[in-house]
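Predicted model only: the values in this text are computed from it and were never measured. Both counts, for ligands and for their atoms, begin at 1 and track the order of listing.
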Amino acid sequence: MTSFPTEAEIDRAAAILRSGGLVAFPTETVYGLGANALSAEAVAKIYKAKGRPATSPLIVHVASVDMARTIAARWPDSASVLAKHFWPGPLTLVLPKLPIVPDSVTSGLDTVGIRVPSHPVALRLLERAGVPIAAPSANRFTKLSPTEARHVREGLGAEVDCILDGGPTQIGIESTVISLANDPPRLLRPGMITLAEIESLIGPVAKVKGDISGAHVSPGLHPKHYSPQTKLIVTTDPPAGRGIYLWWNKEHPTARALRMPADPSSYARGLYTTLHRLDEEKLEFIAVEPVPESDAWEAIRDRLKRASS
Ligand code: TXA
Ligand code: MG
């Protein structure tokens with residue numbers, strides 16, 4: 001069992017954020033690398049620590065809809081509906097931004113990605129900090145997102161002023177990102193809140209497809225994202241050699257195998273954690289059985305595709 005940070009530790013982290021420092025903290029999806037979203041200087045430290053190109057906009061975390069509305073220039077009905085239904089939770093809404101949000105947070109875009117995370121430590125930190133917190137996943141650019149505090153320590157330990165340990169994350173992959181700045185709204189990154197769930201509340205949503213090089217509409221769509229160090233292949237026929245086969249449905253007679261859960265929530269929760277652990281073995285490959293084509297598995301299909309590209 002992980003013991004959560006104490007109130008005093010969260011207060012200290014909140015003070016670090018207010019004074020312009022970097023704090024890694026747990027969310028229900030993955031760990032975030034946070035800085036005061038209203039300070040261009042603080043935000044610059046995030047890009048530096050991650051080695052992230054300035055063309056990748058950051059998600060701004062807030063404690064409430066009220067705080068969200070202090071940075072959004074418009075709050076359409078669809079935002080109210082989705083926030084009411086899914087916040088706090090793994091859904092990021094992209095909306096036109098107000099000028100108090102520095103351009104560096106949004107890579108010069110006139111929109112900002114906003115979400116209220118549901119992890120109790122994240123919520124407490126946001127309340128205590130009293131400012132919106134810009135936070136990408138707390139990994140170096142193109143690497144796997146961290147699902148445990150240990151992953152942050154190993155990847156970015158020296159670069160951050162404080163790491164709050166809230167145990168393993170519950171959702172396990174990054175939030176769904178949807179833009180409400182366009183009509184119709186657009187799905188920019190699939191997540192465990194599915195397109196079908198969103199469409200049932202606000203009507204048709206367009207999907208961004210294919211290559212979006214150049215000005216990144218949503219760099220989460222950058223093909224080389226979320227990769228383990230080990231070569232990952234999606235197949236039911238793993239090659240010979242020092243590797244492992246992750247299956248959920250179709251076993252393989254000879255390969256060293258690891259059984260993955262057959263339901264998407266459990267699969268997502270374990271995916272990055274498993275890949276982080278297998279990376280330490282320095283295998284020749286990680287073969288992964290394809291997952292179902294259904295809506296519920298879309299985000300997992302997306303991450304596997306990127307991890308194998
Ligand atoms: O679950 C998550 O979303 C995690 C936790 C820490 O909240 N954060 C996360 O951040 O995954 P990051 O920076 O790794 O991914 C941010 C995603 C990218 O796909 C980015 O393009 C999109 O959000 N995004 C942010 N602001 C945007 C904007 N203004 N327009 C379009 N896409 C935006
Ligand atoms: Mg990321």
Any luck finding a side-chain donor-acceptor pair between [X] and [Y] under 3.5 Å?
| X | Y | value |
| --- | --- | --- |
| Ser107 | Thr55 | no |
| Asp263 | Ser266 | yes |
| Arg115 | Thr29 | yes |

* Answer yes or no: does an N/O atom from Lys50 fall short of 3.5 Å to an N/O atom of ligand 1? =>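 N/O-N/O distance below 3.5 Å does not exist for this pair.
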
* To do: Compute the shortest N/O to N/O distance between Thr27 and ligand 1 and return yes if it is under 3.5 Å, no if not.
  =>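 No, no N or O pair falls under 3.5 Å.
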
* Is the Mg ion (ligand 2) less than 2.8 Å from at least one N/O/S atom of Ser145? ->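 Ser145 does not place any N, O or S atom closer than 2.8 Å to the Mg ion (ligand 2).
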
Those atoms of ligand 1 less than 4.0 Å from some heavy atom in [X]:
| X | value |
| --- | --- |
| Leu109 | 28 (C), 29 (N), 30 (N) |
| Ser175 | 1 (O), 2 (C), 3 (O) |
| Ser137 | 8 (N), 9 (C), 10 (O), 12 (P), 14 (O) |
| Leu188 | 31 (C), 32 (N) |
| Thr111 | 28 (C), 29 (N), 30 (N) |
| Arg52 | 12 (P), 13 (O), 14 (O) |
| Thr29 | 1 (O), 2 (C), 4 (C), 5 (C) |

* Side-chain donor or acceptor of Arg140 paired with backbone N/O of Ala49 under 3.5 Å ->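 Such a contact is found between Arg140 side chain and Ala49 backbone.
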
* **Check: Ser294 main-chain N/O paired with Arg301 side-chain donor or acceptor under 3.5 Å** =>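 Confirmed, Arg301 side chain pairs with Ser294 backbone.
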
* To do: Using the six-membered ring wherever Trp is involved, compare the ring planes of Trp75 and Trp87 and label them parallel, tilted or perpendicular (cut-offs 30° and 60°).
  =>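 Because their plane-to-plane angle lies in the 30° to 60° range, the rings of Trp75 and Trp87 count as tilted.
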
* Looking at ligand 1, does Thr106 have a heavy atom less than 4.0 Å from it? ->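 The answer is no: ligand 1 sits nowhere under 4.0 Å from a heavy atom of Thr106.
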
* **Closest to atom 7 (O) of ligand 1 among Arg186, His61, Glu174, His119 (heavy-atom distance)** =>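 Checking each option, the heavy atom nearest atom 7 (O) of ligand 1 is found in His61.
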
* Asked: Taking the minimum heavy-atom distance to atom 33 (C) of ligand 1, which of Ala138, Pro57, Gly34 ranks first?
  ->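 Among Ala138, Pro57, Gly34, the closest heavy atom to atom 33 (C) of ligand 1 comes from Pro57.
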
* Asked: OG/Ser200 to CG/Leu195 distance, rounded to the nearest 0.5 angstrom?
  ->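 Output value for this atom pair is 10.0 Å.
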
* **CD/Glu41: more than 12 non-hydrogen atoms of other groups inside 6.0 Å** =>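 No, not enclosed.
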
* Residue pair Leu91 / Leu93, side-chain heavy-atom distance below 4.5 Å ->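 They are in contact (side-chain heavy atoms under 4.5 Å apart), so the answer is yes.
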
